[in-house]
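Owing to the predicted nature of the structure, the values given are computational and were not obtained by experimental measurement.
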Amino acid sequence: MADVVTDVSARETARLIASDKVEGTAVRRSNGDKIGTIERVMIDKRSGKVAYAVMSFGGFLGIGESYHPLPWSVLNYDTSMGGYVVDVDRSRLERAPRYTLSSQPDWADRAYRRRIDEYWIPPV
């Protein structure tokens with residue numbers, strides 16, 4: 001059996017990061033307030049690019065927690081904050097598309113993904 005790689009350089013560089021290091025990373029507002037945590041990333045199978053980061057928000061010990069899919073393009077990594085930054089106020093976040101563990105979304109539904117994109121990415 002191969003040894004498990006624990007060397008940070010094998011899991012993160014200046015431009016690349018392993019998915020297991022993304023999961024659990026804080027999501028903050030530009031003022032530094034923590035608003036959630038990355039639970040998982042959704043990867044487009046065809047392009048290989050990360051399409052969405054699913055952020056957990058609210059709740060206590062998993063009770064009442066909701067999950068907010070954010071287009072990857074709205075997140076910016078800030079090394080000084082040690083996490084991802086998204087410029088959003090609480091009321092906008094509370095109105096955003098979300099789901100709970102008991103109401104999982106249908107990721108195959110293009111209308112669902114379009115609703116997420118239209119909410120977060122302003123038209124050009």
Side-chain angles (χ1 to χ4, degrees):
M1 184 163 97
D3 290 331
V4 175
V5 177
T6 57
D7 181 11
V8 171
S9 65
R11 294 176 53 227
E12 183 174 0
T13 70
R15 301 265 318 155
L16 301 172
I17 189 166
S19 63
D20 64 324
K21 288 199 71 175
V22 173
E23 295 168 358
T25 301
V27 178
R28 301 181 180 280
R29 289 188 184 91
S30 56
N31 67 2
D33 291 346
K34 183 177 176 185
I35 57 175
T37 303
I38 302 290
E39 287 294 316
R40 71 185 47 86
V41 294
M42 302 299 290
I43 301 168
D44 182 290
K45 287 183 186 181
R46 295 178 191 221
S47 72
K49 295 180 181 179
V50 174
Y52 300 98
V54 178
M55 179 185 70
S56 62
F57 174 75
F60 180 71
L61 299 175
I63 299 169
E65 195 165 54
S66 60
Y67 300 91
H68 295 252
L70 302 169
W72 188 252
S73 62
V74 303
L75 295 168
N76 293 300
Y77 191 80
D78 186 322
T79 55
S80 67
M81 289 191 200
Y84 293 92
V85 175
V86 62
D87 208 12
V88 62
D89 62 34
R90 186 174 186 90
S91 65
R92 180 171 163 96
L93 184 61
E94 288 173 346
R95 292 188 314 268
R98 66 177 178 256
Y99 63 92
T100 64
L101 289 178
S102 63
S103 65
Q104 295 283 323
D106 178 2
W107 285 101
D109 180 1
R110 289 183 185 173
Y112 175 73
R113 295 190 317 269
R114 187 171 37 251
R115 230 175 30 251
I116 295 166
D117 294 340
E118 288 172 353
Y119 187 84
W120 289 107
I121 302 171
V124 181

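Under the ring-ring contact (aromatic ring centres under 6.0 Å, His included) criterion, the residue pairs touching residues 27-56 are Tyr52-Trp107, with sequence neighbours excluded. Screening residues 89-112 for salt bridge (charged side-chain N to carboxylate O under 4.0 Å, His left out), with sequence neighbours left out, gives Arg90-Glu94. Applying the side-chain hydrogen bond (donor to acceptor under 3.5 Å, both in side chains) rule to pairs touching residues 70-87 yields Ser30-Asp87, Asp78-Ser80, sequence neighbours excluded. Within the structure, salt bridge (charged side-chain N to carboxylate O under 4.0 Å, His left out) contacts touching residues 24-39 (residues at least two apart or in different chains) do not occur.
The shortest heavy-atom contact between Pro71 and Ile116 is CD-CG2, 4.0 Å. Taking each heavy atom of Ile38 and Ala53 in turn, the nearest pair found is CD1-CB, 3.6 Å. In this structure, Ala96 and His68 approach most closely via the heavy-atom pair CB-ND1, 3.9 Å. Shown here for Pro69 and Pro97, the closest heavy-atom pair between the two residues is CD-O, 3.5 Å.
By the 4.5 Å heavy-atom criterion applied to side chains, Met55 and Val86 are not counted as neighbours. Looking at heavy atoms from C-beta onward, Phe57 lies out of side-chain contact with Val27 at the 4.5 angstrom threshold.
The one candidate from Leu75, Val22, Val41 that meets the side-chain contact (heavy atoms from CB on, under 4.5 Å) condition with Val50 is Val41.
Listed by chain and number, the residues in a side-chain contact (heavy atoms from CB on, under 4.5 Å) with Ser102 are Thr100 (sequence neighbours excluded). The salt bridge (charged side-chain N to carboxylate O under 4.0 Å, His left out) test applied to Asp20 returns Arg11, not counting sequence neighbours.
To the nearest 0.5 Å, the span separating CG on Leu101 from OG on Ser56 amounts to 10.0 Å. In this structure, Arg115 CZ and Trp120 CH2 are separated by 14.0 Å, a value rounded to the nearest 0.5 Å. Distance check: Lys49 NZ to Arg46 CZ gives 15.0 Å after rounding to the nearest 0.5 Å.
Ile121 and Val85 are not part of a single hydrophobic cluster, where members link through side-chain heavy atoms under 4.5 Å apart.
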